[in-house]
Amino acid sequence: MGSRPPGMPLVAANWKMNPTNIDDALDLVRGVMSVARGQADKVEVALFPPFLWLTAVSEVLFESGVKLGAQDTFWEMSGAFTGEISPAMLKPLCQWVIVGHSERRLFVGETDEMVAKKTAAALSCELSVIMCVGELADHYDAGTSDQVVSAQVKAGLASCSADDSARLVIAYEPVWAIGSGKNADPEHAYKTMRLIRKIVGEMIGAGAARKVRILYGGSVKADNVQQYVELPLCDGVLVGGASLVADEFAHIVKVTAEVYGHR
Ligand code: PGA
């Protein structure tokens, strides 16, 4: 079934457009920190709050070992791009950025080409990138998940090279599993992650591809995370809804630490 690449597992918390006030955001980060800090040598934990909360959250996280990321970025560094935030602006605060989340593809029309430009721009600023890919329910029902995911990976990594591998993560998130409570069957997740690893290998070389971490995302909860992190090719999880409840997210981090500690 293949072996896990070197590097720690990653548990990423995508807060999306939550919480809606800074006091709740700070409560959440403090709750998560009380557990995540103790696991920092076993699991890499990265929090992705809304842009507006990044500065305040970064102050709480300072020197804790828990990483900070943005949920999106633009592909230019500065200029006349109203409303956008560049990787150069994020770099002093963040180690990570998410690109190509399905909600951005769906609600703001983000294309594979934009995802590729964002990925390249973020990597050029030495940010680590979680690039999200995943098929819609229609594709899944029609049995075309592989084609859809392959095309997204190929397009999104168009400008990447072997040198980027250690800072590149691909999150496989079937769109029908996101926020729906219908988490993917682990066998389906495994097969798709294996395909992703193969395509990345064809693009940047098999050796470098082993350093690219691959996550599962889509209705991950404390009571189902184990079946994903036990998969041989799974390097962690991207968590949405369950990352907004400090105790539940902390449990996800602990389960991940336990599973990887036994490998
Ligand atoms: P969910 O979201 O865990 O709420 O399904 C995952 C994501 O969108 O990254």
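Numbering starts at 1 and runs along the sequence shown. Remember, it's 1-based here, ligands and their atoms both numbered in the order they're listed.
- Taking 4.0 Å as the cut-off, Gly217 does not count as a neighbour of ligand 1 on heavy-atom distance.
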Note to self: Using the rule given for salt bridge (Lys or Arg N to Asp or Glu O under 4.0 Å), can you reason through Arg213 versus Glu44, listing the C-alpha separation, both sets of side-chain angles and the distance that settles it, and then say yes or no?
What the structure shows: CA-CA 12 Å; Arg213 286 179 286 177; Glu44 184 171 359; 3.0 Å; yes

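- Atoms of ligand 1 found under 4.0 Å from any heavy atom of Gly218 (numbered from 1 in listed order, with element): 5 (O).
- Which parts of ligand 1 touch Gly179 is read off a 4.0 Å heavy-atom cut-off, strictly below it: atoms 1 (P), 4 (O), 5 (O).
- Scanning for side chain to side chain contact (heavy atoms under 4.5 Å, CB included) contacts around Asn18 gives Lys16, Leu244, with sequence neighbours left out.
- Legend: residues meeting ring pair (Phe, Tyr, Trp, His ring centres under 6.0 Å) with Trp176, ordered by chain and number and at least two apart, are Tyr140.
- Under a 4.0 Å criterion applied to the non-hydrogen atoms of Leu238, ligand 1 contributes the atoms 9 (O).
- Of all the heavy atoms of Ile178, the ones lying under 4.0 Å from any atom of ligand 1 are found in both the backbone and the side chain.
- Here the closest non-hydrogen pair linking Glu76 and Pro87 is O-CD, 3.8 Å.
- Heavy-atom minimum distance, Pro19 versus Leu28: CG-CD2, 4.3 Å.
- By the 4.0 Å N-to-carboxylate-O rule, Glu126 lies too far from Arg167 to be salt-bridged with it.
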Next item on the list: Could you give me the CA-CA distance, side-chain angles and deciding distance for Asp235 and Arg197, then say whether salt bridge (Lys or Arg N to Asp or Glu O under 4.0 Å) is met?
Entry: CA-CA 12 Å; Asp235 301 301; Arg197 175 92 60 211; 3.2 Å; yes

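- Taking 4.0 Å as the cut-off, Lys16 counts as a neighbour of ligand 1 on heavy-atom distance.
- Any N or O atom pair closer than 3.5 Å counts here, and Gly240 shares at least one such pair with ligand 1.
- Of the residues listed (Arg105, Arg104, His101), the one engaging Glu110 in a side-chain hydrogen bond (donor to acceptor under 3.5 Å, both in side chains) is Arg104, and it is the only one.
- The shortest N or O to N or O distance between Glu173 and ligand 1 is under 3.5 Å.
- Less than 4.0 angstrom separates some heavy atom of His101 from each of these atoms of ligand 1: 7 (C), 8 (O), 9 (O).
- Within the 4.0 Å heavy-atom cutoff, Ala242 does not count among the residues contacting ligand 1.
- Near Gly241, with a cut-off below 4.0 Å to any heavy atom, the atoms of ligand 1 are 1 (P), 3 (O), 4 (O).
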